[in-house]
Amino acid sequence: GTIFGLDAGESTRVSGYHRMAIAPGLIAAAVLGRLLRGSPQALVSLSVAGCVASGLALGGLALATLMPQSWPVVANIVVFGFANGVFAGGAVASMYGLASVGAAQREGTRLGAWGLAQAVGFGTGLFVGAGLLDAVRSTVGAPPAFASVFGVEGLLFLIAAALALKISRASSLEGAPHPASAPRAA
């Protein structure tokens with residue numbers, strides 16, 4: 001709203017476009033995951049694709065802050081929401097699939113630990129992002145500050161995608177059994 005001259009109601013509406021676009025992204029991830037038979041590597045690939053698309057969309061938002069009159073900001077926000085949905089759908093499906101692999105009766109703990117990590121990451125990201133925005137805005141002004149924060153967040157999504165690929169290759173997810181048929185330890 002600060003950069004694009006939106007009042008509180010208009011800013012909330014644009015934020016709503018992001019949230020509304022998450023649902024089709026989640027549905028797309030579910031359909032693609034089902035078509036790919038829920039293979040662990042396919043689910044990781046969906047998550048990685050969502051991370052990359054989210055990173056690129058945030059890069060677009062960084063550019064938008066520097067040219068607010070000519071950038072299709074609402075379309076950019078919708079793409080960002082859709083990409084977030086694909087990322088979340090792939091990540092959650094991967095997590096659920098992998099929770100049942102390994103020692104039996106530990107699925108709840110694994111899911112809880114993942115949920116805790118997600119909540120801590122989300123909260124930390126909001127706090128650090130807002131603090132970084134305030135610190136940079138006080139020195140260089142609003143447009144460069146928003147561009148910097150969106151750019152850093154986009155870069156972090158790309159780093160997350162690279163880490164997910166590295167971890168999936170290192171843990172040999174390509175050769176892992178489908179979660180429904182995975183052997184359970186006694």
Side-chain angles (χ1 to χ4, degrees), residues 1-26 28-29 44-92 94-95 110-170:
T2 300
I3 299 297
F4 300 104
L6 305 175
D7 63 31
E10 292 168 324
S11 184
T12 300
R13 188 177 316 110
V14 171
S15 179
Y17 294 140
H18 172 260
R19 302 290 190 268
M20 288 188 310
I22 290 172
L26 285 167
V44 169
S45 295
L46 282 171
S47 184
V48 167
C51 270
V52 169
S54 292
L56 295 175
L58 280 165
L61 284 176
L63 290 174
T65 63
L66 302 175
M67 52 181 90
Q69 281 71 32
S70 61
W71 198 266
V73 71
V74 172
N76 199 144
I77 293 289
V78 169
V79 168
F80 181 48
F82 184 84
N84 285 172
V86 171
F87 159 67
V92 169
S94 297
M95 183 260 320
R110 291 182 193 115
L111 292 175
W114 187 84
L116 176 63
Q118 182 185 25
V120 167
F122 186 75
T124 301
L126 284 174
F127 181 74
V128 171
L132 181 62
L133 177 64
D134 288 345
V136 175
R137 188 169 29 179
S138 70
T139 60
V140 298
F146 278 96
S148 299
V149 171
F150 288 147
V152 167
E153 290 174 341
L155 182 62
L156 290 172
F157 263 107
L158 297 177
I159 291 169
L163 287 172
L165 283 175
K166 184 176 180 176
I167 290 168
S168 72
R169 287 187 184 125

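We count residues from 1, following the sequence as given.
For the pairing with N76, the side chain to side chain contact (heavy atoms under 4.5 Å, CB included) check across V14, L61, L63 returns one residue only, L61.
Not counting sequence neighbours, F82 has no partner by the ring pair (Phe, Tyr, Trp, His ring centres under 6.0 Å) test.
Residues A161 and C51 approach most closely at CB-CB, 3.7 Å, considering heavy atoms. In this structure, A147 and T65 approach most closely via the heavy-atom pair CB-OG1, 3.2 Å. Considering all non-hydrogen atoms of both residues, V136 and S148 come closest at CG1-OG, 4.4 Å. In terms of heavy atoms, G89 sits closest to L26 at N-CD2, 3.5 Å. The two residues A57 and V79 come nearest to each other via the heavy atoms CB-CG1, 4.3 Å. The two residues D7 and G9 make their nearest non-hydrogen contact at OD1-N, 3.0 Å.
Inter-residue side-chain proximity for F80 and F157 is flagged as met; some heavy-atom pair is nearer than 4.5 Å.
To the nearest 0.5 angstrom, R137 atom CZ is 11.0 Å from L132 atom CG. Distance CZ/F87 to CD1/I22: 11.0 Å, rounded to 0.5 Å.
No donor-acceptor distance shorter than 3.5 angstrom exists from the side chain of T124 to the backbone of G121, with no hydrogens or angles considered.
Identified under the side-chain hydrogen bond (donor to acceptor under 3.5 Å, both in side chains) test for residues 11-24, with sequence neighbours left out: H18-N84.
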